[in-house]
Amino acid sequence: GSGGRMDPLFMATSLFRRRRFEDCVTICTDILKKNPLDQTAWFLKARALTEQTYVDETEMEEEGIAELVMGDTGIADVARPGTSLKRPPGTSSRATSQGVRPLSQSGRPLSGFVRPGTQSARPKTMEQAIMAPRTASTARPVTSSSGRYVRLGTASMLTEVDGPFIDMSKMDLSKYAKRPTLAKALFEYLFYHENNVRSALELASLATEACEFEDWWWKTQLGKCYYRLGLYRDAEAQFRSALKQFQTIDTYLLLGKVCIKIDQPLGALDLYAEVHRGKIVY
């Protein structure tokens, strides 16, 4: 620029390449204050914020005690009360079995449709309140994977003092879905930085339709969203569809991760063996 000063956008790009993301975000924020419609600065700021909280999705999460005890893919060893034809021991045919419809401490029958926490007493002491396993988004205990996602979602609150960088309530995702470059940057920002998986899934679905289901990258991102939401079969279908169009090592690793999650380790081994036999270089 004039006077020997470097162009701010060029400086921000240089900082991004040197992985000085906080300085890059600061310069992009100043540019956007002067010109809120600067798409280049918007794109670069979204990429810098994403890189700050980027997590390699191909790595397996470390299973804690909560995953082992409260797994969704396990099969119960004992039938649910009232669904078994076997008569509970010690009961006569004339007496009403308490195992058919168990009662709570207050005498109310357990129907299976009661909200979590309504059958147990409220914590009366601070120790009981602290020990209660609950989070803002689920009634289940914090697992190793969900705890990581919660930390990633709260990172956006620390980086933006004046408010969120992108207001999803005012954003038309269908418009961005037709612009691949901006759509990919926005998707990764929502997925990694904001931890807004549902909005990212909506954007990926719209972008897949916009490219007439011919882009393997968007199918892989759909699979990532389904995996985060616990829809492992849908994630498997998206990953396999992406591999039919273009074979990448990351997609194979993600598909193997799904196979292990749904308790099919042999399927994962077959995938890894297929990679070793093939000539996949990307």
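This chain uses plain numbering: 1 for the first residue, then up along the sequence.
Of the possible donor and acceptor atoms, one in the side chain of Q245 sits under 3.5 Å from a partner among the backbone N and O of W216. No donor-acceptor distance shorter than 3.5 angstrom exists from the side chain of S241 to the backbone of A237, with no hydrogens or angles considered. No side-chain donor-acceptor contact under 3.5 Å links E202 to the backbone of R198.
Both Y272 and L255 are members of a single hydrophobic cluster when ILVMFWY side chains are connected at heavy-atom separations under 4.5 Å. Cluster membership check: L15 shares its hydrophobic cluster with M6, using side-chain heavy-atom separations under 4.5 Å among Ile, Leu, Val, Met, Phe, Trp and Tyr.
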Can you check salt bridge (charged side-chain N to carboxylate O under 4.0 Å, His left out) on E59 and K257, steps first, answer last? CA-CA 8 Å; E59 295 183 358; K257 185 177 175 181; over 6 Å; no

After noting the C-alpha distance and the side-chain angles of R47 and E188, does the key distance pass the side chain to side chain contact (heavy atoms under 4.5 Å, CB included) rule? CA-CA 8 Å; R47 294 290 301 127; E188 292 189 337; 2.9 Å; yes

Given T251 and T248, is the side chain to side chain donor-acceptor pair (under 3.5 Å) satisfied, shown in steps? CA-CA 5 Å; T251 310; T248 65; 2.6 Å; yes

So L32 and K45, side chain to side chain contact (heavy atoms under 4.5 Å, CB included) or not? Walk me through it. CA-CA 9 Å; L32 290 173; K45 182 177 180 180; 4.0 Å; yes

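Side chain to side chain, K219 and T208 fail the donor-acceptor criterion of an N or O pair below 3.5 Å. Side-chain contact of S14 with R18: a donor-acceptor pair under 3.5 Å is present, judged by distance alone. In the model, R19 has no side-chain atom that pairs as donor or acceptor with a side-chain atom of Q52 under 3.5 Å. Residues D56 and T58 have side chains that bring a donor and an acceptor to within less than 3.5 angstrom of each other.
Under the 4.5 Å side-chain criterion, counting only non-hydrogen atoms from C-beta, V197 is in contact with N195. A heavy-atom distance below 4.5 Å is found between the side chains of I166 and M171. Looking only at side-chain heavy atoms (C-beta outward), D250 and T220 stay at 4.5 Å or farther from each other.
Side-chain rings of W218 and F187 approach one another, their centers coming within less than 6.0 Å. Ring centroid separation for the pair Y227 and Y232 comes in under the 6.0 Å cut-off.
The shortest heavy-atom contact between A177 and A207 is CB-N, 3.6 Å. Nearest heavy-atom pair across A48 and C24 is CB-SG, 4.1 Å.
Taken to the nearest 0.5 Å, the CG atom of L231 stands 11.5 Å off from the CG atom of L222. To the nearest 0.5 Å, atoms OH (Y252) and CG (L243) are separated by 5.0 Å. Rounded to the nearest 0.5 Å, atoms NZ (K33) and CG (N35) are 14.5 Å apart. Note that the OH atom of Y189 and the CD atom of E194 stand 3.5 Å from one another [nearest 0.5 Å]. Going from atom CG of L173 over to atom NZ of K175 covers 10.5 Å, rounded to the nearest 0.5 Å. Distance CG/L182 to CZ/F43: 7.5 Å, rounded to 0.5 Å.
Under a cut-off of 6.0 angstrom, the local environment of CZ in F213 is crowded, with over 12 non-hydrogen atoms contributed by other residues, nucleotides or ligands. The environment of E22 atom CD is sparse: at most 12 non-hydrogen atoms of other residues, nucleotides or ligands sit within 6.0 angstrom.
A cation-pi arrangement, defined by a distance under 6.0 Å to the six-membered ring centre and an angle within 45 degrees of its axis, is present between R228 and F191.
With respect to E236 and R233, a salt bridge is recorded, a charged nitrogen being found less than 4.0 Å from a carboxylate O.
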